[in-house]
Amino acid sequence: MDLNITPPLDSDITRLAQHRMFVETLAAEHLKLGLPGDDGDLAVLQRLIDRNILAADDTYELQSLGVVFGMRLVDAIEGLDWAIVEDEYGRDPALRYLDTSLVLFPLTMISKRVEDGAQVDVRELFEGVRSQVASLKEQITRPN
């Protein structure tokens, strides 16, 4: 099955908002912080990860961190927005660059690393994704 990429439905937007609210609550309970809704969110994510508040098998919770990470990517990268990708495995939120096949899956960018026992540097991951997307955008927009 090919990828079917569509705009998010209202129910998808609600789901993303619920993930963000979960992280907001987690940060308030464990860090006595809120999510500022800007670049400061990355520091909050890092502190939540560094304190080992979530276990490697807390998939929903870790993917919630990925939603907030994705929100910061949308703000930082012009032309990037939420989409829904459907394939033989299911239907998942993703980030899509304009009307191209360039898609990113921020929900698993953090969770996969934590599940694998890897150290996660949220800022480094963010800058790496931003750099890779900039490079790919250049290739997409470069005339043949």
Side-chain angles (χ1 to χ4, degrees), residues 1-27 31 33-144:
M1 176 181 184
D2 290 329
L3 291 182
N4 183 25
I5 305 170
T6 60
L9 302 171
D10 288 346
S11 58
D12 300 314
I13 301 297
T14 298
R15 177 179 165 205
L16 293 170
Q18 289 169 337
H19 279 285
R20 187 191 186 289
M21 287 187 294
F22 171 80
V23 177
E24 182 85 39
T25 301
L26 197 66
L31 305 175
L33 295 172
L35 287 174
D38 59 23
D39 214 35
D41 288 355
L42 299 177
V44 173
L45 296 178
Q46 187 68 60
R47 289 181 69 184
L48 289 169
I49 293 166
D50 289 348
R51 291 201 179 175
N52 295 313
I53 292 166
L54 301 173
D57 61 352
D58 290 335
T59 304
Y60 174 87
E61 295 83 352
L62 291 168
Q63 288 184 356
S64 294
L65 301 183
V67 168
V68 173
F69 185 78
M71 290 176 174
R72 299 291 54 87
L73 287 170
V74 167
D75 286 346
I77 301 171
E78 187 176 340
L80 203 63
D81 207 351
W82 289 99
I84 299 299
V85 175
E86 191 169 357
D87 62 14
E88 67 268 19
Y89 301 108
R91 194 173 176 282
D92 292 303
L95 299 178
R96 182 183 194 186
Y97 176 66
L98 298 177
D99 193 23
T100 69
S101 61
L102 174 56
V103 291
L104 309 169
F105 294 92
L107 273 72
T108 57
M109 287 182 180
I110 292 173
S111 67
K112 294 274 187 209
R113 286 165 174 81
V114 172
E115 289 166 2
D116 291 344
Q119 288 292 105
V120 180
D121 184 323
V122 175
R123 172 59 66 182
E124 183 179 290
L125 179 61
F126 181 83
E127 294 302 335
V129 170
R130 193 156 70 167
S131 176
Q132 286 179 323
V133 170
S135 176
L136 292 168
K137 281 171 55 174
E138 189 176 299
Q139 292 174 21
I140 290 169
T141 58
R142 185 181 307 140
N144 292 334

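Values below: every heavy atom of this structure, side chains too, minus hydrogens, waters and symmetry copies.
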Item to check | Listed partners of R47 passing side chain to side chain donor-acceptor pair (under 3.5 Å), at least two apart | outcome: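 Checked R47 against side chain to side chain donor-acceptor pair (under 3.5 Å); zero matches.
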Checklist entry - Is there side-chain contact between F105 and V103, with at least one heavy-atom pair below 4.5 Å? => result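 Of all side-chain heavy-atom pairs linking V103 with F105, at least one is under 4.5 Å.
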[X] [atom1] to [Y] [atom2] distance, which is reported to the nearest 0.5 Å:
X	Y	atom1	atom2	result
I53	L48	CD1	CG	4.5 Å
M71	H19	CE	NE2	9.0 Å
L54	L26	CG	CG	5.5 Å
L42	L65	CG	CG	11.5 Å
F69	L104	CZ	CG	9.5 Å

Partner set under salt bridge (charged side-chain N to carboxylate O under 4.0 Å, His left out) for [X], not counting sequence neighbours:
X	result
E61	none
D38	none
D75	R72

Next on the checklist: I need the full list of side-chain hydrogen bond (donor to acceptor under 3.5 Å, both in side chains) pairs touching residues 104-117, with sequence neighbours left out, sorted by first then second residue.
Outcome noted: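 Of all non-adjacent pairs touching residues 104-117, none passes side-chain hydrogen bond (donor to acceptor under 3.5 Å, both in side chains).
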Any residue meeting side chain to side chain contact (heavy atoms under 4.5 Å, CB included) with [X], in chain and number order, not counting sequence neighbours:
X	result
A76	F126, R130
D121	Q46, R123, E124
P8	D12, I13, W82, I84
A55	D57, D58

Next on the checklist: Checking V133 against L95 for the side-chain contact (heavy atoms from CB on, under 4.5 Å) test, could you report, in this order, the C-alpha distance in whole Å, the side-chain angles of both residues, the deciding distance, and whether it holds?
Outcome noted: CA-CA 11 Å; V133 170; L95 299 178; over 6 Å; no
Next on the checklist: Between Q63 and L107 (side chain of the first, backbone of the second, donor and acceptor by atom type, cut-off under 3.5 Å), is there such a pair?
Outcome noted: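 Checked: no pair found.
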Next on the checklist: Set out, in order, the CA-CA distance, both residues' side-chain angles and the distance that settles side-chain contact (heavy atoms from CB on, under 4.5 Å) for R15 and S11, then state yes or no.
Outcome noted: CA-CA 6 Å; R15 177 179 165 205; S11 58; over 6 Å; no
Next on the checklist: Between N4 and V85, does the side-chain contact (heavy atoms from CB on, under 4.5 Å) criterion hold? Intermediate values first, please.
Outcome noted: CA-CA 6 Å; N4 183 25; V85 175; over 6 Å; no
